[in-house]
Amino acid sequence: QVQLEESGGGSVQAGDSLRLSCAAPGGAISTYTMGWFRQAPGKEREFVAAIRWSGGATAFAASVKGRFTISRDNARTTMYLQMDRLQSDDTAVYYCAAGRGIIISSMRSERAYDYWGQGTQVTVSS
């Protein structure tokens with residue numbers, strides 16, 4: 001079974017950067033689509049970014065496009081979310097997700113993912 005572990009969250013000032021990591025200690029995610037979702041207090045969980053197993057196709061939420069970058073290291077079974085120019089409304093718990101057989105049109109849907117990490121807190125102060 002796939003286990004996912006997020007790390008890299010923290011408390012920063014608006015305009016700062018953070019890089020989140022998602023690792024699979026047991027491996028076996030190199031052929032999975034990987035995604036990032038986030039949930040703020042009192043809000044529904046929302047899509048942030050995703051990357052295909054091949055690394056050739058990516059998707060971003062409109063609110064983060066141009067500020068966030070997603071990448072993966074298939075050999076080390078790790079995915080990254082580089083977050084630049086952070087804003088206060090980026091504050092949320094960020095979750096890593098993985099799924100296999102996800103078509104491109106479903107990459108933004110949390111329902112398409114089979115495995116989830118426990119989340120890492122990102123707090124951005126104005």
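When all heavy atoms of E6 and C96 are compared, the closest pair comes out as OE2-N, 2.8 Å. Closest non-hydrogen pair, A112 versus I102, comes out as O-CD1, 3.3 Å. Smallest separation of non-hydrogen atoms from S21 and T78: CB-CG2, 4.5 Å. For R85 against G66, the heavy-atom pair with the smallest separation is NH2-O, 2.8 Å. Closest non-hydrogen pair, A40 versus A92, comes out as N-CB, 3.8 Å. Looking at every heavy atom in both residues, M107 comes nearest to I51 through CE-N, 3.9 Å.
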I'd like to know whether T120 forms a side-chain contact (heavy atoms from CB on, under 4.5 Å) with L20, so could you lay out the CA-CA distance, the side-chain angles of the two residues, the decisive distance to 0.1 Å, and finally the verdict. CA-CA 8 Å; T120 185; L20 305 183; 4.0 Å; yes
Please report the C-alpha distance between R38 and V64 in whole Å, then the side-chain angles of each, then the deciding distance to 0.1 Å, and finally whether the side-chain contact (heavy atoms from CB on, under 4.5 Å) criterion is met. CA-CA 12 Å; R38 67 186 183 186; V64 306; 4.0 Å; yes
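Separating the OG atom in S11 from the CG atom in L18 is a distance of 9.0 Å, to the nearest 0.5 Å. D16 contributes atom CG, which lies 11.0 Å from atom CE of M83 (distance to the nearest 0.5 angstrom). In this structure, CD1 on I103 lies 8.5 Å from CZ on R52, to the nearest 0.5 angstrom. Here T58 contributes atom OG1 and K65 contributes atom NZ; the two are 8.5 Å apart, rounded to the nearest 0.5 Å. Expressed to the nearest 0.5 Å, how far OH of Y32 lies from CZ of R100 amounts to 4.0 Å. Atom-to-atom distance recorded for Y80:OH and T69:OG1 is 14.0 Å, nearest 0.5 angstrom.
Using a 4.5 Å cut-off between side-chain heavy atoms of Ile, Leu, Val, Met, Phe, Trp and Tyr, with links allowed through other members, M79 and Y95 fall into different hydrophobic clusters. Cluster annotation: V93 is not connected to I70 through the hydrophobic network of ILVMFWY side chains, with a link wherever side-chain heavy atoms come within less than 4.5 Å. Under the 4.5 Å side-chain heavy-atom criterion for Ile, Leu, Val, Met, Phe, Trp and Tyr, V48 and V12 are members of the same hydrophobic cluster. One hydrophobic cluster, built from ILVMFWY side chains closer than 4.5 Å, holds both W36 and L86.
Proximity of a side-chain donor or acceptor of R108 to a complementary backbone N or O of F60 within less than 3.5 Å is detected.
For F37, the ring pair (Phe, Tyr, Trp, His ring centres under 6.0 Å) partners two or more places apart in sequence, or in a different chain, are F47, Y113, W116. Listed by chain and number, the residues in a side-chain contact (heavy atoms from CB on, under 4.5 Å) with E44 amount to none (sequence neighbours excluded). For the salt bridge (Lys or Arg N to Asp or Glu O under 4.0 Å) test, residues two or more places apart in sequence or in another chain that qualify with R67 are D90.
At most 12 non-hydrogen atoms from other residues, nucleotides or ligands lie less than 6.0 angstrom from CD of Q3. The number of heavy-atom neighbours closer than 6.0 Å to CD of Q87, taken from other residues, nucleotides and ligands shown, is above 12.
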